[in-house]
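A quick note: this is a predicted structure, and the numbers were derived from the prediction, not measured. One-based numbering along the sequence shown.
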Amino acid sequence: MIGTLFNVAMIIGGSILGKLFHNGIKLEYQRILTQGLGLAAMAIGINAVVEYMPKSNYPVLFIVSLSVGGVLGEWINLQKRFDDFVGKFSSGNLAEGLATAILLYCIGSLSILGPIQEALQHDMTFLFTNGILDGITSVVLASTFGIGIAFSAVAVFIWQGSIYGVALLLQNSINQDMITELTIVGGILIIASGLGLLEIKKINIVNLLPSLIVPIVVVAIMQLF
């Protein structure tokens, strides 16, 4: 779990650094930092799709995954349920900041794919990248909401640690085809996150998260025949 520990350390370090800017970062600097994050997310997502698409044995599965997963997420209304849950903890200024931080740090494809990649392939690229992104984000949040943003690192550790543990337990059931298809779909969702950060197009990423489950289920069924 080196990648997860790095991610957690970056959030704590970024929060401490952000606290030093106790008057808050000026709007223009927040804007350029967010744009930088958006471009980085776009690059990461495109790289994942370009790298893994040629390796796919199911070239249209990502389309099926996004369609089925999106409809399922919309039917369950994950976005509203999550917003309502976060709203319960947003009564105070710090609570609002923590809710925002947890959403940004946990509900993202890098935070989901990263622990899986580390557990199965000992590849920490996603988590190291995610850690840098989260560190920069925590500087911005902590400069506004205070050092308490560092507590979001606890949620990140539990979230990514749980995914890591489940991936280890199921590693004999997870094969390269599943990882390939999962990474393609995850890369597309990362691109979607980048589009939102760049204010090009706001996409309900939370409602699309079930798309990450579809390739695992479909590949498992296909390989039974």
Side-chain angles (χ1 to χ4, degrees), residues 3-4 6-7 10-11 14 18 25 27-56 61-63 65-67 69-70 73-74 78-79 82-83 86 97 99-118 123-144 149 152 156 159-160 163 179-215:
T4 293
F6 174 79
N7 203 158
M10 287 297 292
I11 292 173
I25 296 176
L27 182 60
E28 55 265 32
Y29 293 114
Q30 292 184 23
R31 185 181 299 113
I32 196 64
L33 284 171
T34 301
Q35 290 173 349
L37 292 174
L39 290 172
M42 292 284 290
I44 294 163
I46 292 171
N47 180 70
V49 174
V50 171
E51 180 180 353
Y52 283 87
M53 189 73 78
K55 302 176 183 178
S56 174
L61 181 54
F62 76 96
I63 301 174
S65 299
L66 291 169
S67 301
E74 195 70 34
L78 286 177
Q79 185 75 59
F82 185 80
D83 289 343
V86 169
T100 301
I102 292 172
L103 172 61
L104 290 173
Y105 300 154
C106 295
I107 308 301
S109 301
L110 284 175
S111 192
I112 295 172
L113 291 174
I116 295 175
Q117 291 281 51
E118 182 178 6
D123 182 355
M124 293 172 279
T125 302
F126 279 2
L127 284 179
F128 281 169
T129 303
N130 196 54
I132 294 172
L133 291 172
D134 288 351
I136 296 172
T137 304
S138 66
V139 172
V140 178
L141 291 174
S143 69
T144 303
I149 290 296
S152 61
V156 172
W159 171 256
Q160 293 185 2
I163 295 174
I179 295 173
T180 296
E181 303 304 327
L182 180 64
T183 304
I184 292 172
V185 175
I188 294 172
L189 294 187
I190 294 170
I191 294 173
S193 298
L195 291 172
L197 289 170
L198 292 171
E199 299 182 356
I200 296 174
K201 177 66 177 178
K202 184 66 176 178
I203 299 173
N204 287 334
I205 303 296
V206 176
N207 280 351
L208 284 170
L209 286 179
S211 301
L212 294 169
I213 301 174
V214 177

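Taking all atoms of both residues into account, the shortest heavy-atom contact from Ser111 to Gln160 is OG-NE2, 3.0 Å. Between Ile184 and Ser56, the shortest heavy-atom contact is CD1-CB, 3.9 Å. Heavy-atom minimum distance, Ala142 versus Gly14: CB-O, 4.5 Å. Contact between Ile205 and Ser193 at its shortest, heavy atoms only, is CD1-N, 3.9 Å. The two atoms that bring Pro215 and Val185 nearest to each other are CG-CG2, 4.1 Å, heavy atoms only. Taking all atoms of both residues into account, the shortest heavy-atom contact from Met42 to Leu198 is CG-CD1, 4.0 Å.
For the atom pair CD (Glu51) and OG1 (Thr180), the distance works out to 9.5 Å, reported to the nearest 0.5 Å. Rounding to the nearest 0.5 Å gives a distance of 4.5 Å between CG of Asp134 and CG of Asn7. For the atom pair Ile149 CD1 and Thr137 OG1, the distance stands at 11.0 Å (nearest 0.5 Å). For the atom pair CZ of Phe126 and CD1 of Ile44, the computed distance is 8.0 Å after rounding to the nearest 0.5 Å. With rounding to the nearest 0.5 Å, the separation of CG in Leu195 from CD1 in Ile190 is 12.0 Å. Here the CD1 atom belonging to Ile11 is positioned 10.5 Å from the CZ atom belonging to Phe6, to the nearest 0.5 angstrom.
Taking Thr125 as the reference, Asp123, Thr129 meet the side-chain contact (heavy atoms from CB on, under 4.5 Å) condition, with sequence neighbours excluded. Under the side-chain contact (heavy atoms from CB on, under 4.5 Å) criterion, Glu199 pairs with no residue, sequence neighbours left out. Scanning for side-chain contact (heavy atoms from CB on, under 4.5 Å) contacts around Leu208 gives Leu189, Ile203, Ser211, with sequence neighbours left out.
Side chain of Glu118 to main chain of Gly3: a donor-acceptor pair is present (N/O by atom type, distance under 3.5 Å, no hydrogens or angles). Using modelled atom types, one side-chain atom of Ser138 and one backbone atom of Gly135 make a donor-acceptor pair closer than 3.5 Å. In this structure, Asn207 contributes its side chain and Leu78 its backbone to a donor-acceptor pair below 3.5 Å.
Between Leu127 and Gln117 the shortest side-chain heavy-atom distance does not fall below 4.5 Å.
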